[in-house]
Amino acid sequence: MQIKVKLDNGKEASYPEGTTCMDLYREKAAEGKNLTAVLVDGEECDLNAPLPEDSKVEFVDFESPVGAKVYRHSASHVLAHAVKRLYPQVKLGIGPAIENGVYYDFDFEEPISSDDLKAIEKEMKKIVKEKLPIKRREMSREEAIAFFEEKGETYKLELINEMPEDEVISCYEQGDFIDLCTGPHLPHTGMVKAFKLTSLAGAYWRGDENNPMLQRIYGTAFPNKDQLNEYLAMLEEAKKRDHRKLGRDLDLFSLHEEGPGFPFLHNNGNVIWQELTDFWRQEHRRAGYEEIKTPLILNRSLWEQSGHWDHFRENMYFTNIDEQDYAVKPMNCPGAMLVFRSKMHSYRDLPRRIAEMGIVHRHELSGTLQGLLRVRSFTQDDAHIFMLPSQVEQEVGGVIDLMDRFYSIFGFTYRVELSTMPEKAMGTKDMWDKATSLLERVLQSRDISYRLNEGDGAFYGPKIDFHLEDCMGRSWQCGTIQLDFQMPEKFDLTYIGEDGEKHRPVVIHRVIYGAMERLLALLIEHYGGRFPVWLAPVQASVIPVTDRTHDYGRQVYEKLKSFDFRVELDDRNEKVGYKIREAQVKKVPYMLVVGDKESESGEVAVRHRDQGDLGAEELDAFIEKLQAEIEEKRI
RNA sequence: GCCGACGUAGCUCAAUGGCAGAGCAGCUGAUUUGUAAUCAGCAGGCUGGGGGUUCGAAUCCCUUCGUCGGCUCCA
């Protein structure tokens, strides 16, 4: 009997019944293709499984996401195998492929240290050399339980016990190593060509802090040495862009033992900050926002009223004034509620868009602090929009437009997520459903694709989050739009409707930059310290060639200053090359070299940090161009 | 908070139980310089803090603070 199979090149072929994926795989591999997996009818397929009749077969290599996953998953088994050989008593956790690599969680009898990774890597190389065939083995539930019980693999037993009754329990075997795994895998261990163990970390079993902490070994794997080295070089390159390093080198900010998580902004960083907030104010005025400022410390009773006392207390700082309890604000909303409530509103007053650059303090766990990306005190570009229920869709849409306006100025790409009702939530399920579907409707009407994040909403309402991607492909939550039917109730907010009766307004909380500190970190890394001219702490450095041209250099410097450019005069007794190098290292966008020629002609010799020497130009012409570049916020 | 690693001059790093050092940055002087580093000299330290072991500690041990990589959490 023959079976018919449709291949990925569109051709149909027939094979004897019982032909496996492996047979086809061998046939393809013999053609010199570097395959890692086979997809049957779009599903990852075990290589030893016989092909079903009329199936569609595709072959994938490392370049496809599925191929990379299979490849790296096999690498994770090689890792576990090596660890098991070196530490026979170790208990296995899980070991999936992740973006750019793999990890595997282990419960060691005695904790290992990162020095031990070398020996493990060496053992992995041996296993690769042995070219052990990787075979799938299916077991009955009883068989599997008995097997892993005998091996003392308590974590695997936990996984098996939670599998649905009818699930096929499959294991993969290579040499003397067997692991519970759905697969599929590479045909043999010799195919795992280039890998490196990168770090050792702690990780709670199944991500739950109440569970024991396992040791997680991270690594990465590629089909060849070149690709591995390229990846490692990319990591090195990213390190150079690290905002903590650039923050120090460019004198933007600092962090001190005296205030962990409380960043100090230096003049250079503050210049960028001010530009960002100036731009923010301008755009918000245009978009019809007012701006307020509310106190940092407010009485406990306010936090009880807002619900923060019940829902956010672990993250708050407290103090005592005149024998009364006070809290440092962790959010700006209660302050904004008080401002709104301080006068009567007609429906004609709404929507009221009230913005605040609000400084908030949150007690984050010490282990989570990270430069400016994760801090304990930060400034939110907050705003609360108070509106009629009928205005919600339009207002949410307006905020989305504003988000896009800001992010595109910086050249960021972003991803949208919709977060729904969490466990610790205020309000009824019905209100939440209503609010959530409303947000969904706005996103859908604008054709914005989004990811659903079940149970991740704020305690007072569902939210739309905007995640910006940084240069390393990590994403950070910045903008968020949170719908709130709770706060208006808690604070008994009202407006007088057309009917002369009191009604309840709806509130949205939103930030666009998110946290100024995080945004600054992101911008530093995004631009690698080469800020666009509108943001650059120093926009131009005037470099006289000799003492003879110091006076002319000063004239140029003064003129540029009179146009409000941020400019420096480098009249130190140094060679031109030295001054240029220094300006380049500080990533100053423009260097203006002035020597005898320029001082006679009234020109400046313009050098751009990226384009190099641009030649001499009339000073007025340069000023005009610089103004335009700043005005347009050119990237 | 938890797991692992680390903490030496402003920065990057040496010194592994026996006198704490280099490069860059800084300061002083010479040099008058044309598109990424001129030369010479000087200064810079309670080796994160506290305790211990030792004749002797940057080095070994304990503790505490901080930092880094993760986990959990989040703007």
Side-chain angles (χ1 to χ4, degrees), chain A residues 103 105 108 111-117 198-218 239 242 244-245 248-249 251 254-261 312 314-315 330-331 358 360 362-382 456 458 463 465-468 476-480 482 509 511-519 521-522 543-550 572-586 591-598 605-609 612-616:
Chain A
Y103 70 76
D105 288 344
F108 290 93
I112 62 161
S113 96
S114 41
D115 297 338
D116 300 319
L117 295 182
T198 48
S199 66
L200 181 66
Y204 300 109
W205 167 238
R206 317 192 83 180
D208 186 336
E209 57 186 326
N210 300 311
N211 284 339
M213 179 159 278
L214 310 181
Q215 283 193 292
R216 175 172 295 178
I217 297 176
Y218 280 93
K239 251 193 211 162
D242 191 307
R244 289 165 295 198
K245 177 179 159 47
R248 197 174 40 236
D249 293 349
D251 198 14
S254 58
L255 286 154
H256 303 271
E257 278 197 25
E258 290 83 348
F312 212 70
E314 328 72 272
N315 283 301
M331 292 187 194
V360 297
R362 296 183 190 173
H363 183 257
E364 302 291 348
L365 296 178
S366 60
T368 64
L369 302 180
Q370 202 195 353
L372 292 183
L373 285 169
R374 193 70 191 278
V375 292
R376 283 178 170 163
S377 160
F378 54 99
T379 307
Q380 291 181 306
D381 65 316
D382 221 339
D456 221 32
K463 56 179 187 166
D465 291 327
F466 293 74
H467 294 252
L468 299 187
W476 290 93
Q477 187 181 323
C478 285
T480 176
Q482 310 182 340
H509 310 241
V511 290
I512 290 178
Y513 287 157
M516 292 298 294
E517 289 77 2
R518 180 174 286 183
L519 176 74
L522 243 36
I543 299 175
V545 178
T546 71
D547 287 355
R548 289 193 302 282
T549 52
H550 276 187
R572 290 175 306 172
N573 181 4
E574 294 290 351
K575 290 184 167 179
V576 174
Y578 182 86
K579 295 181 186 180
I580 286 191
R581 180 185 152 75
E582 206 136 286
Q584 286 282 160
V585 167
K586 285 198 257 167
M591 286 148 271
L592 306 176
V593 177
V594 291
D596 293 328
K597 280 181 280 180
E598 290 77 17
V606 180
R607 178 192 167 95
H608 186 265
R609 68 180 165 203
D613 194 348
L614 300 176

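Just so it is clear, the model here is predicted, and its values are computed rather than measured.
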Base, sugar-phosphate, or nothing: which does [X] touch, judged by heavy atoms less than 4.0 Å apart?
X        : answer
A/Glu574 : base
A/Lys597 : base
A/Ala583 : nothing
A/Val360 : nothing
A/Tyr103 : nothing

Could you tell me how far [M] sits from [N] if I compare only their [atom1] atoms? Round to whole Å.
N      : M      : atom1 : result
B/rA5  : B/rG17 : C1'   : 23 Å
B/rG7  : B/rG49 : C1'   : 12 Å
B/rC71 : B/rC27 : C1'   : 48 Å

Return the nearest nucleotide to the side chain of [X]; candidates are [options].
X        : options                : answer
A/Val576 : B/rC74, B/rG34, B/rU32 : B/rG34
A/Gln477 : B/rG1, B/rA37, B/rA75  : B/rA75
A/Ser199 : B/rA36, B/rC73, B/rG69 : B/rG69

(message) For the base of B/rA75 and the side-chain ring of A/Phe378, does the geometry meet a stacking cutoff of under 5.5 Å between centres and under 30° between planes?
(response) yes
Watson-Crick or G-U wobble partner of [N], both distances under 3.5 Å:
N      : answer
B/rA14 : none
B/rC6  : B/rG66
B/rA20 : none
B/rC42 : B/rG26
B/rU35 : none
B/rG1  : B/rC71

(request) Could I get the full list of side-chain contact (heavy atoms from CB on, under 4.5 Å) partners for A/Ala203, not counting sequence neighbours? (result) A/Asp105, A/Arg216
(request) Let me know the distance between NZ of A/Lys586 and P of B/rA37, rounded to the nearest Å. (result) 16 Å
(message) Measure CG/A/Asp208 against P/B/rC2 and give the value in whole Å, please.
(response) 16 Å
(request) Assign each of A/Arg609 and A/Gln482 to its nearest nucleotide of RNA chain B by heavy atoms, then name whichever residue's nucleotide is nearer the 5' end. (result) A/Arg609
(message) As an exercise, state the distance from NZ of A/Lys463 to CG of A/Asp456, rounded to the nearest 0.5 Å.
(response) 6.0 Å
(request) Give, for atom CG of A/Leu519 and atom CD of A/Gln380, the distance between the pair rounded to the nearest 0.5 Å. (result) 13.0 Å
(request) Start with the C-alpha gap between A/His550 and A/Asp547, add the side-chain angles, then the distance that decides, and say whether side-chain contact (heavy atoms from CB on, under 4.5 Å) holds. (result) CA-CA 5 Å; A/His550 276 187; A/Asp547 287 355; 3.4 Å; yes
Tell me if the side-chain of [X] makes a donor-acceptor pair with the base of [N], cut-off 3.5 Å, by modelled atom types.
X        : N      : result
A/Gln370 : B/rG69 : no
A/Arg518 : B/rC74 : yes
A/Arg374 : B/rC73 : yes

(request) Examine B/rG69: is either OP1 or OP2 under 4.0 Å from a nitrogen or oxygen in the side chain of A/Arg244? Give yes or no. (result) yes
(message) Looking at B/rG1, I'd like to know if its phosphate oxygens (OP1 or OP2) sit under 4.0 Å from a side-chain N or O belonging to A/Ser366.
(response) yes
(request) Could you walk me through whether A/Leu369 and A/Glu364 pass side-chain contact (heavy atoms from CB on, under 4.5 Å), step by step? (result) CA-CA 7 Å; A/Leu369 302 180; A/Glu364 302 291 348; 4.3 Å; yes
(message) Could you work out, with side-chain hydrogen bond (donor to acceptor under 3.5 Å, both in side chains) as the rule, every residue matching A/Glu598, not counting sequence neighbours?
(response) none
(request) Run the salt-bridge test on A/Arg572 and A/Glu582 with the 4.0 Å N-O cut-off and return the result as yes or no. (result) yes
(message) Check this for me: does any side-chain nitrogen of one of A/Arg244 and A/Asp242 sit under 4.0 Å from a carboxylate oxygen of the other?
(response) yes
Polar-atom pairs under 3.5 Å, protein N or O versus N or O of nucleotides 3-10 of chain B: list them with distances, or write none.
residue, atom, partner, partner atom, Å
B/rC3, O2, A/Gly202, N, 2.9

(message) Checking side-chain polar atoms at under 3.5 Å, does A/Arg518 have a donor or acceptor matched by the opposite partner on A/Gln477?
(response) no
